[in-house]
Amino acid sequence: MITMMASPERRRGRSHAGLAVLLVLTIGVIVGLAYAANQAGWLRPWADPLADASAAYDRGDFATTARIARERLRATPNDPDALRFLARASMRLGRDDVAQGIYQNLTIEKMQSEDFLLLATSLSRLDQTDGARKLLREAIGRDPENPQVLAELARLLALVDQLDEARALAARLAKIPGWERQGWILQGILHHELGRHDQSAEALAQALKAPETEHSTQPDSALRKLRARALLAQAKPADALETLAPLNTSATTDLEVPWLASRAHLQRGDYEQANAEAARAGTYLDDQPLATEPAAYVGAAACAPCHKEIHGSQQSSHHGATFALAPEMTRWTLPDAPRTDRFNKEVHHQITPSAEGPRFTTTRDGQAASGLIQYVFGSGDRGATPVGRTDDDGKPIEFRLSSYGAQQGWDVTTGHSPTPANAADGTARAYLGRDLDADGLRRCFECHTTDTHSAIVQA
């Protein structure tokens with residue numbers, strides 16, 4: 001009898017098939033046991049104990065979040081995640097004192113962007129806005145694109161006139177899905193405050209196109225009125241009327257709408273229609289005595305034909321000469337030699353002509369730092385301060401010497417510290433002047449010019 005032996009390949013094939021069947025059966029048994037264990041609650045000790053708290057917080061069920069967090073803390077005291085959820089839920093429920101007490105048990109390293117935001121909101125309610133801004137900057141450090149943090153910090157910065165930084169945050173907000181409308185609204189408002197009426201009108205047009213969300217509470221009517229003002233400030237009455245058209249109906253009860261329309265018709269030279277809209281506006285100006293005229297600034301010269309004496313008097317006054325471009329510095333007697341700093345005899349300042357314009361140079365122990373003078377603020381009767389940009393980084397700077405009239409001459413600029421904060425580094429740059437940010441430079445223009453944005457652009 002001859003016995004047929006299977007080839008090695010066949011034996012391996014049957015072996016692999018058997019293993020596959022066994023593996024499938026084993027997986028089925030494991031899945032079945034896992035399902036039964038989960039139904040019975042046996043696997044909960046290995047699951048994330050705060051997953052339900054996180055889900056509850058995300059859907060706005062803060063009472064459930066707090067309950068789950070407390071249960072976790074009873075089992076595991078001082079669990080940082082549970083403490084965070086309990087503090088957040090408490091803050092959302094208006095229990096600020098409870099939340100602040102909890103946060104005291106958390107180190108900075110254990111806190112996240114949401115925690116800094118909530119603490120900042122709490123401080124804002126107490127009018128402690130300086131502390132709130134510091135916390136929000138911490139929050140941005142943890143999560144640079146947190147929309148709630150960007151919106152709140154932009155709001156707080158606007159309250160303290162840091163408009164340029166606030167606008168930059170609003171621009172970032174407009175790029176986040178779901179927050180586009182609010183970001184564009186903030187940009188529109190801030191550009192308007194900065195006198196950038198063209199950019200304000202464009203931002204508000206984008207806001208009107210963006211879908212409304214729970215984050216944008218301003219109605220279209222408010223945006224359209226502000227946009228109409230921005231357009232009128234650019235002398236674009238036709239565009240302003242088009243923007244107001246959906247609001248300016250016979251049924252409107254908002255008196256500002258026909259008043260703005262009357263201003264647009266005035267710019268067009270249609271006085272009959274302007275009077276008709278003004279009549280519809282009724283008591284708007286009586287009710288809003290501080291309402292500003294939404295019109296383009298035409299300059300002092302435009303006043304001269306009708307108000308020759310007043311124009312001449314204003315232009316020849318010190319008040320009419322509180323701003324000058326650098327080439328006009330010839331009206332002051334410039335230092336003919338380096339001036340020693342009154343507070344440091346090793347520091348010297350000098351103003352010299354150059355091909356680019358007058359240059360301010362500071363020397364100290366053989367080192368030198370300089371910058372180009374661009375503007376002078378002040379009439380020179382009481383004081384005149386040169387402002388420009390540094391050579392090393394091109395940033396705005398208020399130079400350290402100012403003119404105080406013919407008798408006193410040039411001396412340290414008012415408000416400059418006798419010893420600058422960075423004087424210990426031994427450089428001449430420390431004594432060159434006081435650095436300005438974009439908002440600081442803008443404030444100089446706001447006090448010394450009539451149309452701030454145009455003055456900056458022309459300068």
Side-chain angles (χ1 to χ4, degrees), residues 160-165 321-406 408-449 452 455-459:
V160 293
D161 200 33
Q162 292 180 252
L163 303 182
D164 201 71
E165 185 179 357
T322 58
F323 170 74
L325 296 175
E328 301 174 67
M329 286 189 72
T330 52
R331 74 169 78 157
W332 297 282
T333 302
L334 300 180
D336 55 4
R339 292 296 178 94
T340 301
D341 193 286
R342 181 154 53 96
F343 298 105
N344 190 331
K345 303 305 180 185
E346 298 176 350
V347 175
H348 305 277
H349 310 285
Q350 188 170 18
I351 299 176
T352 55
S354 74
E356 302 170 285
R359 184 169 295 283
F360 192 103
T361 302
T362 296
T363 58
R364 180 188 187 188
D365 294 333
Q367 299 182 16
S370 62
L372 188 67
I373 297 174
Q374 296 175 292
Y375 335 105
V376 182
F377 294 97
S379 66
D381 178 55
R382 294 289 185 271
T385 300
V387 173
R389 297 188 179 274
T390 61
D391 289 341
D392 58 352
D393 55 19
K395 293 182 178 179
I397 187 170
E398 179 184 71
F399 292 108
R400 190 165 170 84
L401 281 192
S402 292
S403 172
Y404 292 97
Q408 187 173 345
W410 291 80
D411 204 346
V412 173
T413 301
T414 301
H416 285 226
S417 172
T419 304
N422 54 341
D425 64 10
T427 65
R429 174 67 176 81
Y431 281 88
L432 186 62
R434 182 170 66 92
D435 291 338
L436 301 171
D437 58 16
D439 285 309
L441 180 61
R442 169 180 55 82
R443 293 186 196 106
C444 295
F445 278 90
E446 284 182 342
C447 285
H448 291 268
T449 65
T452 298
I456 294 174
V457 171
Q458 292 171 6

> Sequence neighbours excluded, which residues qualify as side-chain contact (heavy atoms from CB on, under 4.5 Å) partners of P358?
Replying inline: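 For P358, the residues satisfying side-chain contact (heavy atoms from CB on, under 4.5 Å) (neighbours in sequence not counted) are A326, M329, I351, I373.
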
> Are T427 and Q367 side-chain neighbours, meaning at least one heavy-atom pair lies under 4.5 Å?
Replying inline: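 Yes, their side chains come closer than 4.5 Å.
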
> What pairs of residues pass the ring pair (Phe, Tyr, Trp, His ring centres under 6.0 Å) test when at least one of them lies in residues 380-402, not counting sequence neighbours?
Replying inline: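 Pairs touching residues 380-402 that pass the test: F360-F399.
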
Run the side-chain hydrogen bond (donor to acceptor under 3.5 Å, both in side chains) test against [X] and tell me which residues pass, sequence neighbours left out.
X	answer
S403	none
D365	none
D437	none

So, taking the atom named [atom1] in [X] and the one named [atom2] in [Y], what distance separates them when rounded to the nearest 0.5 Å?
X	Y	atom1	atom2	value
L432	L401	CG	CG	10.0 Å
Q350	D336	CD	CG	9.0 Å
S370	H349	OG	NE2	13.0 Å
T390	K395	OG1	NZ	8.0 Å

Quick check: closest heavy atoms across [X] and [Y], and the distance to 0.1 Å?
X	Y	answer
P418	P420	O-CD, 3.8 Å
L372	E356	CD1-CB, 3.8 Å
H348	P338	CB-CB, 4.3 Å
H416	E398	NE2-OE1, 2.7 Å

> So W410 and T333, side chain to side chain contact (heavy atoms under 4.5 Å, CB included) or not? Walk me through it.
Replying inline: CA-CA 9 Å; W410 291 80; T333 302; 5.6 Å; no

> Stepwise, does the side chain to side chain contact (heavy atoms under 4.5 Å, CB included) test hold for T352 with R359?
Replying inline: CA-CA 5 Å; T352 55; R359 184 169 295 283; 4.3 Å; yes

Counting N and O atoms only, with roles assigned by atom type, does the side chain of [X] sit under 3.5 Å from a partner on the main chain of [Y], one being a donor and the other an acceptor?
X	Y	value
R389	G394	yes
Y404	V412	yes
R443	D161	yes
D439	D164	yes
S354	G357	yes

>> Applying ring-ring contact (aromatic ring centres under 6.0 Å, His included), can you list everything that pairs with H448, at least two apart in sequence or on another chain?
In response: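 For H448 the ring-ring contact (aromatic ring centres under 6.0 Å, His included) partners, ignoring immediate neighbours, are F377.
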
> So does R342 pair up with D411, basic N to acidic O under 4.0 Å?
Replying inline: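 Yes, this pair counts.
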
>> Any carboxylate oxygen within less than 4.0 angstrom of a Lys/Arg side-chain nitrogen, looking at R429 and D391?
In response: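 Not counted as a salt bridge, because no side-chain N and carboxylate O are separated by less than 4.0 Å.
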
> Regarding T413 and S402, is there a side-chain donor-to-acceptor distance under 3.5 Å anywhere?
Replying inline: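 Checked: T413/S402 side chains pair up, N/O donor to acceptor below 3.5 Å.
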
> Have Y431 and N344 got a donor and an acceptor in their side chains that come within less than 3.5 Å?
Replying inline: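 N344 and Y431 do have a side-chain donor-acceptor pair below 3.5 Å.
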
> Should we count CD of Q408 as having more than 12 external heavy atoms under 6.0 Å?
Replying inline: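 Yes, because the 6.0 Å sphere around CD of Q408 holds more than 12 heavy atoms from other groups.
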
> Given T362 and R400, is the side chain to side chain contact (heavy atoms under 4.5 Å, CB included) satisfied, shown in steps?
Replying inline: CA-CA 9 Å; T362 296; R400 190 165 170 84; 5.7 Å; no

